[in-house]
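If you read the sequence from its start, that first residue is 1, and numbering goes on from there. From a predicted model like this one, the values you see are computed outputs, not experimental measurements.
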Amino acid sequence: GGFYVDSSACALHNHAVKNNKATAGGGGGVWLSGSVVSVVADQGSQISSNEAQDGAGVYIGPLAVAATYTLSGAGSKMASNVASGNGGAVYADGSHAGSAVSVTVTGGAVVSGNKVTKFGGAVYAANGVAVTVAGSSTIEANEGEDGGGLYLLKAKECKVTSSTVQTNIASNNGGGWYADGSKITLTDTTVKNNTAAQHGGAGYMTVAVAGAAVPCVASLKGPSSKVEGNIATAGGGGALFFASNTSGTVSSGTISNNTA
C-alpha cells in the first residue's frame, strides 16, 4: 500500500499515511518484514483510512524476525482503517522461529474507528507477539467479529496500563478484547462501554484454538482500574466471560454497572 519496510528502521514524525490500499494481502498503510525491522509513528503522525485484507494500517507478517511497531504521543493516531480479514489498525504474527515481535501504543496515542470483517478491530496479535498499551493511550470505537478492540491468539503478553479501552463493538464475542491462549494484564486502566453481541462485553477469555495446555489469564490491578458499563447483548458476562480452562485475578479496582 503505502510503505514496505524490509530489514530497516523507519520513523514517521508528524506524518500522514492515508488513503492507501493493498490490493492483495496485508499492509494498506505500512508493511514490516525482514530480519530486524522497526517503525515508529510519533509527533502527531496519523495512519488512517487505509484498506487491506489484513492489517489495513500496519502489517507485520510471519516472515518478520525482530519487528517492532510503535505509535507514540498525543495527537498520534490510527483511525478509520478497514480490513476485510483481521487487524483493522495493526496485524502482527510472530510465528517465525525465534522471532520477537512487539506492538506498542503509548504516550496518549489513539487507535480509533478501525473496522474488520473478522478479528481484532484495532489490533490482531498472534503467536508470541507482545502488545503494550500505556501512558494514557486509548483504544476506542473499533469494530470486529471477535475482539472489537484487541484480538490476542497465543500472544506473548498484553499489558494495558494507565489507559482506556472504550466503546469497541464485537458482533460476536469480546467487545474490548478477545484472548485465546493469551495473558492480558490491566493496571490502573478503564474498560468501559464496550459491547459484544454474544459474550464478554469487556473481555472474552478462551483456549478454543490454543488448547487447554496454554495459559489464558486476565488480571485486573491498580486502585484506579474500572470495568464499567459494558454490555453482552445476548449472552453472558457483561464485563468478563471466562470459558473452560481460563482464569482471572482481580487484586484491586472496580467492576460495576455491566449488563448481560
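- Between F3 and H15, the ring-plane angle classifies as perpendicular under the 30° and 60° cut-offs.
- Not a single donor-acceptor pair under 3.5 Å links the side chain of T233 to the backbone N or O of Q198.
- Scanning both residues, G34 and S7, for their nearest heavy atoms gives CA-OG, 3.2 Å.
- A donor-acceptor contact shorter than 3.5 Å links the side chain of S45 to the backbone of N14.
- One hydrophobic cluster holds both M205 and I139 under the rule that ILVMFWY side chains link at heavy-atom gaps under 4.5 Å.
- Shown here for N194 and G201, the closest heavy-atom pair between the two residues is CB-O, 3.2 Å.
- Annotation: the span from N114 atom CG to M78 atom CE amounts to 6.5 Å, rounded to 0.5 Å.
- S76 places no side-chain N or O within 3.5 Å of a backbone atom of A74 that could act as its donor or acceptor partner.
- Between the side chain of T189 and the backbone N or O of T187 there is at least one donor-acceptor pair closer than 3.5 Å.
- Both V58 and V37 sit in one connected hydrophobic cluster of ILVMFWY residues. Membership requires side-chain heavy atoms under 4.5 Å apart, directly or through other members.
- Identified under the salt bridge (charged side-chain N to carboxylate O under 4.0 Å, His left out) test for residues 179-205, with sequence neighbours left out: none.
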Result block: side-chain N/O donor-acceptor pairs under 3.5 angstrom for residues 247-260, not counting sequence neighbours:
from: S251; atom 1: OG; to: L220; atom 2: O; distance (Å): 3.3
from: S252; atom 1: OG; to: G222; atom 2: N; distance (Å): 2.7
from: S252; atom 1: OG; to: G222; atom 2: O; distance (Å): 3.3
from: N258; atom 1: OD1; to: G229; atom 2: N; distance (Å): 3.3
from: N258; atom 1: OD1; to: N230; atom 2: N; distance (Å): 2.9
from: N258; atom 1: OD1; to: N230; atom 2: ND2; distance (Å): 2.9
from: N258; atom 1: ND2; to: V227; atom 2: O; distance (Å): 3.0
from: N258; atom 1: ND2; to: S256; atom 2: O; distance (Å): 3.1

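- Sequence neighbours left out, the pairs with a member in residues 110-121 that pass salt bridge (charged side-chain N to carboxylate O under 4.0 Å, His left out) are K118-E145.
- For Y69, the ring-ring contact (aromatic ring centres under 6.0 Å, His included) criterion is met by no residue, not counting sequence neighbours.
- In terms of modelled atom types and a separation under 3.5 Å, the side chain of T206 and the main chain of A208 share a donor-acceptor contact.
- A donor-acceptor pair under 3.5 Å is formed between the side chain of N81 and the backbone N or O of N50.
- Residues V111 and N142 are in side-chain contact: their nearest non-hydrogen atoms beyond the backbone lie under 4.5 Å apart.
- Screening residues 219-237 for salt bridge (charged side-chain N to carboxylate O under 4.0 Å, His left out) gives no qualifying pairs among residues at least two apart or on separate chains.
- Shortest non-hydrogen contact noted between S33 and L63 is OG-CB, 4.0 Å.
- Panel note: side chain S80, backbone S49; no donor-acceptor pair is recorded below 3.5 Å.
- Linking ILVMFWY residues whenever their side-chain heavy atoms come closer than 4.5 Å, directly or via other members, leaves V191 and Y178 in distinct clusters.
- Nearest approach of G26 to A22, heavy atoms of both residues: O-CB, 3.6 Å.
- In the hydrophobic cluster analysis, where Ile, Leu, Val, Met, Phe, Trp and Tyr join through side-chain heavy atoms closer than 4.5 angstrom, V103 is grouped apart from V116.
- A side-chain donor-acceptor contact under 3.5 Å links T246 to the backbone of A243.
- Note that NE2 of H13 and CG of D42 are 5.5 Å apart. Values are rounded to the nearest 0.5 Å.
- Atom OH of Y124 is separated from atom OH of Y151 by 5.5 Å, given to the nearest 0.5 angstrom.
- In this structure, Q166 CD and N193 CG are separated by 7.0 Å, a value rounded to the nearest 0.5 Å.
- Listed here is the closest heavy atom pair of G135 and S163: N-OG, 3.7 Å.
- Side-chain contact between P62 and H96: absent, with no pair of heavy atoms (C-beta onward) separated by less than 4.5 Å.
- Cluster partners of V36 are absent, since no Ile, Leu, Val, Met, Phe, Trp or Tyr has side-chain heavy atoms less than 4.5 Å from it.
- For the pairing with S137, the side chain to side chain contact (heavy atoms under 4.5 Å, CB included) check across V165, T164, V105 returns one residue only, V105.
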Next on the checklist: Run the side-chain contact (heavy atoms from CB on, under 4.5 Å) test on K77 and S48 for me, step by step, so that the C-alpha distance in whole Å, both residues' side-chain angles and the decisive distance to 0.1 Å come before the verdict.
Outcome noted: CA-CA 8 Å; K77 193 170 187 178; S48 61; over 6 Å; no
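- Side chain of N173 to backbone of H199: a donor-acceptor contact under 3.5 angstrom is found.
- A donor-acceptor pair is defined here as one N or O able to donate and one able to accept, closer than 3.5 Å; no such pair exists between the side chain of N20 and the backbone of G29.
- The hydrophobic cluster containing Y59 does not contain V5, counting ILVMFWY residues as joined when their side-chain heavy atoms lie under 4.5 angstrom apart, directly or transitively.
- Taking CD from Q53 and CG from N86, the interatomic distance works out to 8.5 Å, rounded to the nearest 0.5 Å.
- To the nearest 0.5 Å, atom CG of residue D146 and atom OH of residue Y204 are 7.5 Å apart.
- Between Q46 and G75 the shortest heavy-atom distance is NE2-O, 3.9 Å.
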